[in-house]
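Worksheet: one structure, shown below.
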Amino acid sequence: MKRIVGYFDHLHFTESRLGEPVVKSGTLTIPVSGLLTLKGHPLNDGTLKQISGYLVFAEVSKSARKLTEYIGDPRHPQGFKDEYLVEDIPPGTFDENATTYLLEGTLNTPVAWVDWEVRARNFELHTDS
């Protein structure tokens, strides 16, 4: 397994699928598939190869996601349910040394569009690619 530290700004999430997050000992791990890398990322080889793996955020002080569930098949939705907020980590003290990470994509369960905000001190991408 490869561990890429940093380079979050060189990732493209729009077409990605995000799995159920796991929070353990201050670390947030999110399964991801369909992730694309941008020029400048160590895994970018100039092709549009999709990557699967895990987004790993350490020393997390915030994880909040806005979900908009699809009605019917997400490829041809019949509409959307009302947006709602899920906080994976209870609101706590603002950590001025943390970085705010913003990502988006389609959540696997429930099937929903997600806008996700994570505040953490460190980020790594774990992948077999």
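Hydrogens, waters and symmetry mates are skipped; everything else that's a heavy atom, side chains included, is used.
Using a 4.5 Å heavy-atom threshold, the side chains of L18 and L55 count as touching. Annotation: side chain of V86 is in contact with side chain of L67 (closest heavy-atom distance under 4.5 Å). Counting only heavy atoms from C-beta outward, the side chains of K81 and T68 never approach each other to under 4.5 Å. The shortest distance between side-chain heavy atoms of T106 and V114 does not fall below 4.5 Å.
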Taking it one step at a time, do E69 and Y84 satisfy side-chain hydrogen bond (donor to acceptor under 3.5 Å, both in side chains)? CA-CA 9 Å; E69 291 185 47; Y84 60 95; 2.7 Å; yes
Stepwise, does the side-chain contact (heavy atoms from CB on, under 4.5 Å) test hold for T99 with R121? CA-CA 6 Å; T99 300; R121 289 199 179 192; over 6 Å; no
Report the C-alpha distance between S61 and D95 in whole Å, list the side-chain angles of each, state the deciding distance to 0.1 Å, and finish with yes or no for side-chain hydrogen bond (donor to acceptor under 3.5 Å, both in side chains). CA-CA 7 Å; S61 56; D95 183 351; 4.8 Å; no
Yes or no on side-chain contact (heavy atoms from CB on, under 4.5 Å) for T27 and F57, after CA distance, side-chain angles and deciding distance? CA-CA 6 Å; T27 298; F57 300 91; over 6 Å; no
Go through L38 and Y7 one step at a time and tell me if the side-chain contact (heavy atoms from CB on, under 4.5 Å) criterion holds. CA-CA 10 Å; L38 302 174; Y7 294 95; over 6 Å; no
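When the side chains of ILVMFWY residues are joined at heavy-atom separations under 4.5 Å, either directly or via intervening members, I89 and V56 end up in two distinct hydrophobic clusters. Y101 and L36 fall into different hydrophobic clusters, defined by Ile, Leu, Val, Met, Phe, Trp and Tyr side-chain heavy atoms under 4.5 Å apart, directly or through other members.
A distance of 7.5 Å separates CD1 of I51 from CG of L11, quoted to the nearest 0.5 Å. Residue M1 holds its CE atom at 9.0 Å from CG of L125, rounded to the nearest 0.5 Å. A distance of 7.0 Å separates CD in E83 from CG in D115, rounded to the nearest 0.5 Å. In this structure, the separation between CD1 on I30 and CG on D88 is 7.5 Å, given to the nearest 0.5 Å. Note that NE2 of H41 and CG of D9 are 10.5 Å apart. Values are rounded to the nearest 0.5 Å. Residue L103 holds its CG atom at 6.5 Å from CH2 of W116, rounded to the nearest 0.5 Å.
Residue N44 comes nearest to K39 through the heavy atom pair ND2-N, 3.5 Å, listed as atom of the first residue, atom of the second, then distance. Contact detail for P31 and Y54: the closest heavy-atom pair is CA-CD2, 3.8 Å. Scanning both residues, G34 and S52, for their nearest heavy atoms gives N-OG, 4.3 Å. Taking each heavy atom of L107 and G19 in turn, the nearest pair found is CD1-O, 3.8 Å. Closest approach of V60 and A120 over heavy atoms only: CG2-CB, 3.9 Å. Nearest approach of W113 to G105, heavy atoms of both residues: CE3-O, 3.2 Å.
The backbone N or O of K2 sits nowhere less than 3.5 Å from a side-chain atom of T127 that would complete a donor-acceptor pair.
A salt bridge does not link R65 to E117: none of the charged side-chain nitrogens sits closer than 4.0 Å to a carboxylate oxygen.
Annotation: D82, atom CG; neighbour count of heavy atoms from other residues, nucleotides and ligands within 6.0 Å does not exceed 12. Residue-environment remark: CG (L102) exceeds the threshold of 12 foreign heavy atoms within 6.0 Å.
A side-chain N or O of E104 and one of T14 form a donor-acceptor pair less than 3.5 Å apart. Remark: the T100 side chain and the R119 side chain contain an N/O donor-acceptor pair separated by less than 3.5 Å.
Ring pair F8/F123 is perpendicular by interplanar angle, where above 60° counts as perpendicular and below 30° as parallel.
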